[in-house]
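First comes the structure, then the notes that go with it.
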Amino acid sequence: MKHKALIIFSFLLFLWPIETTPSHTFNSIFSFGDSYTDTGNLNVLAKKLAFPVYTDKLPYGETFFHHPSNRCSDGRLIVDFLAEEFGLPLLRPYLAQNGTFRQGANFAVAGATTLEPVFFKQHNITTIAIPLNTSLNFQFQWFEKLKPSLCRTTKECRDYFGKSLFVVGEIGGNDYINMYVNRLSMTQVRSFASTIVQTIASTIKKLLDQGARTVVVPGNIPMGCMPMLLITFKSHKHISSYDHKTGCIKRFNILSRYHNSLLFEEIKEFRVKYPHATIIYADYYKPVLNFVRYPERYGFTKPLVACCGKGGEYNYNSTELCGMPQVSACRNPSTHVNWDGVHLTEAAYRYVSTGWLKGPYADPPILGAQTK
Ligand SMILES: *[C@@H]1O[C@H](CO)[C@@H](O)[C@H](O)[C@H]1NC(C)=O
Ligand SMILES: *[C@@H]1O[C@H](CO)[C@@H](O)[C@H](O)[C@H]1NC(C)=O
Ligand SMILES: *[C@@H]1O[C@H](CO)[C@@H](O)[C@H](O)[C@H]1NC(C)=O
Ligand SMILES: *[C@@H]1O[C@H](CO)[C@@H](O)[C@H](O)[C@H]1NC(C)=O
């Protein structure tokens, strides 16, 4: 009897991996973006150019790494969860030039914009982050520079990148923040959205042309729910500025949705032009809005209040930021959506990444994407 059970058990054990192995296993992950994706690039620049950052200090990193991990969160980011899912090492920041990048590289930099620094200069828009050459086109140039160490011939590169997972975004959030903080009119901001989306699309095209077959394209979050913007644009007089169901600022969420709809149109065109590739629209908007509308479903409380901060209605104050001395984090970050007023907690990133891998927040889900 015991013997029989053992046979059945080992039979199941044998079958199990075959049945659950995802149709995709990737040899590497390459990602582009901003602080929602950066795993240390900004901190490399900060050391080199001697400007201060706060993400290299606790409580940043306290949840998973138990030390500052140069990520803008208490723990892992979405790219970290993707790497774990596919059995790949957590992505190294490209600028650290530390070790091999054969299993992937992260080009994302906190503060990075989609548009070039010169665009902001020409439009008299002062950027909240110090202007560095980290915009999407620079990140793509770094990818080009890295390429010869990964593959040599065009064919070899196509084969290699065909087995890579590319993540292009989230990017664009900082372009909009810079415009909002400089008090551009919503009409003006809206007029720049297509330029921002075109720039993202041209990066996706260059990757597809080099043989990328799986590209994840995250949209924008509902920016009107971000504590930093909620406090900066706080309005006692204009109650109608707020969505009464969420307490978020309506006009910023409308613009996020507009950006996302333009991005989705680009993706639909790529699907026609590159039928052998899988281009995944990763929805950032819906999951974050769900956290805000139905926090109890996810174990969250006060979804518009940051975990790490020095008080105030949204626990965000630009003069006393998370990572500065005397600024502390809430006791349990997993009960918060927002970490430091701008970025999400590991708990929130985990929910989003699961929704991208298995659905319902990705079209198609990353795990369901069939190798074509
Ligand atoms: C380089 O990589 C090693 C091993 O992953 C790590 O211990 C070290 O901190 C890294 N150094 C830098 C400068 O990132
Ligand atoms: C930017 O500011 C300069 C100097 O104040 C002005 O001449 C120029 O017209 C402005 N440009 C835009 C696009 O507003
Ligand atoms: C950024 O790049 C431009 C050329 O593209 C260069 O002139 C400028 O010095 C660079 N700035 C920094 C801060 O590296
Ligand atoms: C932010 O902190 C400063 C310094 O502690 C304080 O003077 C200011 O009132 C705070 N602002 C808000 C909106 O709480």
Side-chain angles (χ1 to χ4, degrees), residues 16-33 36-37 76-88 90-91 103-104 106 108 161-172 200-201 203-204 207-208 211-222 256-257 259-294 297-299 337 344-372:
W16 194 252
I18 296 169
E19 293 208 341
T20 58
T21 294
S23 52
H24 257 131
T25 47
F26 298 104
N27 64 7
S28 53
I29 300 177
F30 295 96
S31 56
F32 303 83
Y36 279 52
T37 311
R76 286 161 290 183
L77 311 178
I78 292 179
V79 274
D80 295 319
F81 288 116
L82 298 184
E84 283 183 355
E85 176 69 33
F86 295 110
L88 292 166
L90 301 188
L91 288 193
Q103 289 184 292
N106 192 351
F161 294 138
K163 296 186 192 99
S164 305
L165 178 69
F166 288 89
V167 184
V168 184
E170 176 281 325
I171 187 130
I200 299 170
T203 302
I204 298 167
L207 294 170
L208 291 168
R213 288 165 72 101
T214 315
V215 186
V216 177
V217 187
N220 205 338
I221 61 155
S256 289
R257 290 203 300 274
H259 168 95
N260 291 346
S261 68
L262 293 178
L263 194 58
F264 191 62
E265 288 306 310
E266 295 291 336
I267 289 170
K268 282 199 291 193
E269 279 183 36
F270 283 133
R271 285 174 182 170
V272 175
K273 287 189 202 143
Y274 298 84
H276 298 292
T278 304
I279 302 136
I280 296 162
Y281 175 68
D283 192 343
Y284 234 139
Y285 189 95
K286 224 175 284 159
V288 175
L289 200 73
N290 281 344
F291 300 157
V292 176
R293 270 199 80 174
Y294 314 106
R297 287 186 193 169
Y298 306 91
V337 177
L344 308 186
T345 56
E346 174 179 285
Y349 284 134
R350 180 199 290 278
Y351 279 120
V352 177
S353 62
T354 304
W356 288 2
L357 283 161
K358 301 176 181 164
Y361 298 131
D363 172 21
I366 302 173
L367 287 179
Q370 294 300 312
T371 308
K372 290 185 192 170

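Bear in mind the structure is a predicted one, so any value in this text is a computation, not a measurement.
The side-chain heavy atoms of Tyr284 and Tyr36, taken from C-beta on, include a pair separated by under 4.5 Å. Contact of the Phe81 side chain with the Glu346 side chain is registered, since non-hydrogen atoms from C-beta on lie closer than 4.5 Å. Between Glu85 and Leu367 there is a side-chain heavy-atom pair separated by less than 4.5 Å. Side-chain contact check for Ile221 versus Ser256: every heavy-atom pair is 4.5 Å or farther apart. Between Phe32 and Ile204, the closest side-chain pair of non-hydrogen atoms is not below 4.5 Å. For the pair Leu90/Glu84, a side-chain contact is recorded, criterion being any heavy-atom separation below 4.5 Å from C-beta on. Taking the side chain as every heavy atom from C-beta outward, Val215 and Phe270 never approach each other to under 4.5 Å.
Among Asn290, Leu289, Asp283, the one residue that satisfies the side-chain contact (heavy atoms from CB on, under 4.5 Å) test with Pro287 is Asp283.
Without hydrogens or angle criteria, Glu170 side chain to Asn220 main chain gives no donor-acceptor distance under 3.5 Å. At distances below 3.5 Å, at least one donor-acceptor pair connects side-chain atoms of Asn106 with backbone N or O atoms of Thr37. Panel note: side chain Tyr351, backbone Tyr298; a donor-acceptor pair is recorded below 3.5 Å. Under the 3.5 Å distance criterion, the side-chain polar atoms of Arg76 are left unmatched by any main-chain donor or acceptor of Arg350.
Residue Pro218 comes nearest to Val167 through the heavy atom pair CG-CG1, 4.2 Å, listed as atom of the first residue, atom of the second, then distance. Taking all atoms of both residues into account, the shortest heavy-atom contact from Ser164 to Ser28 is OG-OG, 2.8 Å. Nearest heavy-atom pair, Ser353 versus Ile78, reported as atom, atom and distance to 0.1 Å: CB-CG2, 3.9 Å. Considering all non-hydrogen atoms of both residues, Ile280 and Ala362 come closest at CG2-CB, 3.9 Å. Considering every non-hydrogen atom in both Leu344 and Tyr349, the closest pair reads O-CE1, 3.1 Å. Lys358 and Pro365 get closest at one heavy-atom pair: C-CB, 3.7 Å.
In this structure, the separation between CD1 on Ile366 and OG1 on Thr278 is 11.0 Å, given to the nearest 0.5 Å. One finds the OH atom of Tyr274 at 8.5 Å from the CD1 atom of Ile279 (value rounded to the nearest 0.5 Å). The NZ atom of Lys286 lies 8.0 Å from the OH atom of Tyr361; values are rounded to the nearest 0.5 Å. Atom CG of Leu91 sits about 10.0 Å away from atom CG of Leu77, to the nearest 0.5 Å.
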